[in-house]
> 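I am attaching a structure below and will ask some questions about it afterwards.
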Amino acid sequence: MKNPVFALIDCNNFFVSCERVFRPDLATKPVAVLSSNDGCVVARSNEVKALGIPMAAPAFKYREIFDRHGIVKFSANFELYGNMSRRITELLTTITPRIEVYSVDESFLDLSQLDIRDHTAWGHKVRESILQWTGLPVSIGIAPSKSLAKLASDRGKKVPALDGVLSLMGNPETDWHLSQVPVGDVWGIGWRLAPKMRAEGAGTALHLAQLSPQRAQQLMGIRGRQLVAELNGISCFPLDLEHQKPKSILRSRTFGEDTSLASVIEAALASFATTAAFRLRRSSQLARRAGIFLDTNKHKPGFRRWSREVIYQVPTADTGQLISDTINLFSQIYSPRMSYHRAGVWLGDFRPADYLQTDLLGAIDPAKHDRAQARMQAVDVLNERFGKRTIRYATEDLAQKWQPRHHTRSPRYTTRPDELPTAKIVP
DNA sequence: TCTGGGGTCCTAGGACCC
DNA sequence: TCTGGGGTCCTAGGACCC
């Protein structure tokens, strides 16, 4: 058994970098990407960070700074970002199959089986090929634990002299790097724990690493104890290769405008149920629970949330059933006097898709179940071949008014040929 | 007027059983 | 009648992540 070596590959300002690949004219301009409804800032170029605009800042509060500095705004284009993300994943998979895709812009690699003599040089080589093949700048951290790899990639990004790569494998400066990282920037220390750690005298990652395991567990539970060990180079969080199977699925949106109309909300719920069920089928699972929730505006007085759920004796991934059940749940909590701001559908308590055959045969009507399976498979095949929403349920079409606004979305360059710019050749 | 969307894990407490 | 302890399952809420 070899000693663990992890690399974290982390895309810099990911959404902004994706936009810049297709807009090289923006390479040195301040650029921000906004969430659904153009509500919050979800990605910032370094220039925007330098202007003091924080992550998740409500866009309307910073409009003046946006205008004054000519910040270029994009509505989030997740189809583009997802596609760019897959390109990087494919590239990394050629290095080693032992990869954990941790998020849309971060992957861990297990390097322990590879024959790498100089980890820093290896990091620079990987960084250059990703830049060459995708146009995206990344930072790379290499260390004996995931938490240290994460911290190292962050240092690689922030310290210009490191040029995007830091290896903490046998690095005599490890303690010094730890001493430069505020405790709140450590992976796993959020806004609640950071003040608590500072009060304990642990203001930096180095101080945190020096806590006794007992004290760490007292203050932060078992995860905290493991985190402290990780900072000392003892790996507690293994590579998660099964990451791709979700344990719950949520689809929700803030509406383009608040609404009291049942038909609008039903159309939204039908649409959420459809995409959630598709994702569920793609993961080869069935749900034993499904639920909905409705919210008023949480930033206005009198904020309220309503929710209902249904438990299935026979788990399902059938879109038709999920739509009719969510609409039914909705009718139990809907009041025409309320003004709704946001709604969502969630699925949970999953079983493997072959569970019905192995465990419930006899308890269900097999013919009926097979027909439902065949129906959903046909829908998925047609939609894959001819485009999303080729086949859909009528409830989705009751209204479009719920759909979020996205006034400044860029073309989906890599997935929608019809949105590509056209070049005219002038003779 | 205008404040996102999607996840995971841990813990404490209650119900229930032996 | 009262007493003890342990195990499991479920749920709600908290905390974190990107």
Side-chain angles (χ1 to χ4, degrees), chain A residues 8 10-15 32-44 53-64 66 73-78 81-82 85 100-108 146-147 150 153-154 183-197 217-227 236-237 240 242-258 268 272 275-276 279-280 283 288-289 291 293 295-300 303 305 307 309 311 339 341-350 403-407:
Chain A
L8 177 68
D10 183 350
C11 299
N12 301 350
N13 314 333
F14 180 54
F15 299 167
V33 175
L34 305 180
S35 64
S36 171
N37 276 315
D38 298 336
C40 288
V41 175
V42 292
R44 305 157 295 156
I53 295 181
M55 187 62 174
F60 76 93
K61 278 193 184 172
Y62 291 85
R63 175 173 307 150
E64 206 242 329
F66 272 85
K73 290 179 285 189
F74 287 97
S75 306
N77 184 346
F78 290 109
Y81 311 149
S85 174
E100 172 186 343
V101 179
Y102 178 72
S103 75
V104 70
D105 66 339
E106 284 170 73
S107 288
F108 286 102
K146 285 169 121 182
S147 302
K150 186 99 172 144
S153 82
D154 207 42
V183 73
D185 289 356
V186 174
W187 193 36
I189 305 294
W191 67 281
R192 295 281 290 196
L193 286 178
K196 209 167 155 183
M197 292 305 111
Q217 183 158 5
Q218 246 175 7
L219 293 165
M220 302 178 284
I222 189 68
R223 298 289 291 191
R225 185 184 180 125
Q226 292 170 323
L227 170 60
C236 298
F237 307 142
D240 181 7
E242 298 300 308
H243 206 62
Q244 55 273 34
K245 290 246 187 213
K247 296 176 177 166
S248 67
I249 295 169
L250 174 70
R251 286 295 175 271
S252 73
R253 285 291 181 277
T254 297
F255 302 137
E257 54 190 80
D258 291 6
F272 301 154
T275 56
R279 173 99 172 81
L280 180 64
S283 76
R288 225 170 66 89
R289 284 163 187 260
F293 67 84
D295 284 0
T296 61
N297 190 335
K298 70 178 174 190
H299 299 286
K300 287 183 180 165
F303 166 63
R305 158 172 288 203
S307 64
E309 67 171 277
I311 299 177
S339 182
H341 184 71
R342 180 167 180 258
V345 169
W346 62 266
L347 309 175
D349 199 359
F350 297 158
Q403 290 183 337
R405 304 179 301 272
H406 44 78
H407 290 311

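Chain letters run A, B, ... following the sequence lines, proteins first and then strands; every chain starts at 1.
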> Mind checking the CG-OG spacing from A:N12 to A:S153? Nearest 0.5 Å is all I need.
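A:N12 atom CG to A:S153 atom OG measures 8.5 Å (nearest 0.5 Å).
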> Within the 4.0 Å heavy-atom criterion, would you say A:V186 contacts the bases, only the backbone, or no part of the nucleic acid?
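It contacts sugar-phosphate atoms only.
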> With nearest nucleotides of DNA chain B determined for A:C40 and A:K247 from heavy-atom distances, which residue corresponds to the more 5′ nucleotide?
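So the residue in question is A:C40.
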> Could you state the interatomic distance from CH2 (A:W346) to OG (A:S307), rounded to the nearest 0.5 Å?
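Reported to 0.5 Å precision, the distance equals 8.5 Å.
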> Is the side chain of A:K245 donor-acceptor paired with the backbone N or O of A:S283 at a distance under 3.5 Å, no angle test?
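Side chain of A:K245 to backbone of A:S283: a pair is present.
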> Would you please test A:K146 and A:L8 for side-chain contact (heavy atoms from CB on, under 4.5 Å) and show each step?
CA-CA 8 Å; A:K146 285 169 121 182; A:L8 177 68; over 6 Å; no
> Without swapping roles, check the side chain of A:K73 against the backbone of A:L34 for a donor-acceptor pair under 3.5 Å.
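Here the side-chain-to-backbone pair does not exist.
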> Looking at every strand, decide which applies to A:L193 at a 4.0 Å heavy-atom threshold: base, sugar-phosphate, or nothing.
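Counting heavy atoms under 4.0 Å across all strands, the contact made by A:L193 is with sugar-phosphate only.
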> Base contacts versus sugar-phosphate-only contacts with protein, heavy atoms under 4.0 Å: please encode nucleotides 6-14 of chain C as B, S and - from 5' to 3'.
-----S---
> Indicate yes or no: at least one non-hydrogen side-chain atom of A:Y81 is less than 4.5 angstrom from one of A:V33.
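Yes, at least one pair of side-chain atoms sits under 4.5 Å.
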> Who are the salt bridge (Lys or Arg N to Asp or Glu O under 4.0 Å) partners of A:R289, not counting sequence neighbours?
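Listed in chain order: A:E309, A:D349.
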> Taking only residues two or more places apart in sequence, or in another chain, which ones meet A:D105 in a salt bridge (Lys or Arg N to Asp or Glu O under 4.0 Å)?
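Listed in chain order: nothing, the list is empty.
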> Using OP1 and OP2 only, check whether a side-chain N or O of A:W191 sits under 4.0 Å from C:dC16.
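Yes, A:W191 has a side-chain N/O under 4.0 Å of OP1/OP2 on C:dC16.
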> What's A:R63 touching, base or sugar-phosphate or nothing? Going by heavy atoms closer than 4.0 Å.
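The residue A:R63 makes base contact.
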> Quickly work out the A:I189 CD1 to C:dC18 C1' distance and round it to whole Å.
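Roughly 17 Å, once rounded to whole Å.
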> I'd like the P distance from C:dC18 over to B:dT3, given in whole Å.
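That atom pair is separated by 25 Å.
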> I want to check one thing: is the phosphate of B:dT1, taken as OP1 and OP2, less than 4.0 Å away from some side-chain N or O of A:K61?
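Negative; the distance criterion is not met.
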> Touch check for A:K196, heavy atoms < 4.0 angstrom, all strands: base, sugar-phosphate only, or nothing?
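No contact.
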> Mark yes or no for whether A:S35, through its side chain, and A:C40, through its backbone, hold a donor-acceptor pair below 3.5 Å.
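Yes, the answer is positive, given that a donor and an acceptor are paired below the 3.5 Å cut-off.
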> Between the axis at one end of the helix from B:dG5-C:dC18 to B:dC18-C:dG5 and the axis at the other (five pairs apiece), what's the angle to 10 degrees?
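Comparing the first five pairs with the last five, the axes sit 10° apart.
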> Can you tell me the distance, in whole Å, between the CG atom of A:D185 and the P atom of C:dC18?
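Value for this atom pair: 10 Å.
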> Please state how far atom CH2 in A:W187 lies from atom P in C:dC18, giving the value in whole angstrom units.
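Going from A:W187 (CH2) to C:dC18 (P), I get 8 Å.
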> Of the options A:R253, A:K298, A:R305, which is the one that meets A:R342 in a side chain to side chain contact (heavy atoms under 4.5 Å, CB included)?
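Running side chain to side chain contact (heavy atoms under 4.5 Å, CB included) over A:R253, A:K298, A:R305 with A:R342 returns exactly one hit, A:R305.
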> Between B:dG4 atom P and A:K298 atom NZ, what is the distance in whole Å?
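A:K298 atom NZ is separated from B:dG4 atom P by 5 Å.
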> Can a donor-acceptor pair be found, under 3.5 Å and without considering hydrogens, that links the side chain of A:R44 to the backbone of A:I53?
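Confirmed, A:R44 side chain pairs with A:I53 backbone.
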> Has A:D258 got a side-chain atom pairing as donor or acceptor with A:N297's backbone, closer than 3.5 angstrom?
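No; zero donor-acceptor contacts below 3.5 Å.
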> Does A:D105 reach a base, just sugar-phosphate, or nothing at all? Heavy atoms under 4.0 Å.
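Sugar-phosphate only.
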> In chain order, what residues pass the side-chain hydrogen bond (donor to acceptor under 3.5 Å, both in side chains) check against A:N13, with sequence neighbours excluded?
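Expected list: A:N46, A:K49.
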> What is the distance from NE2 of A:H407 to C1' of B:dC2, rounded to the nearest Å?
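So the two atoms are 10 Å apart, to the nearest Å.
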> Given atom CZ of A:F15 and atom P of B:dG5, what is their separation to the nearest angstrom?
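These atoms are roughly 13 Å apart.
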> Output the residues of residues 217-227 of chain A in contact with DNA chain C, where contact means a heavy atom of the residue under 4.0 Å from an atom of the strand; sort by number or write none.
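Output list: empty, so none.
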> Given atom CZ of A:F78 and atom C1' of C:dC18, what is their separation to the nearest angstrom?
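Spelled out: CZ on A:F78 to C1' on C:dC18 is 11 Å.
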> Between A:R253 and A:A59, name the one whose nearest nucleotide on DNA chain B is closer to the 5' end.
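This one resolves to A:A59.
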> Find the distance A:D38:CG to B:dT1:P and express it as a whole number of Å.
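Checked: the CG to P distance equals 18 Å.
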> From C-beta outward on A:F60, which listed nucleotide comes closest to its side chain: C:dC18, B:dT3, B:dG5?
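Nucleotide nearest to A:F60's side chain: B:dT3.
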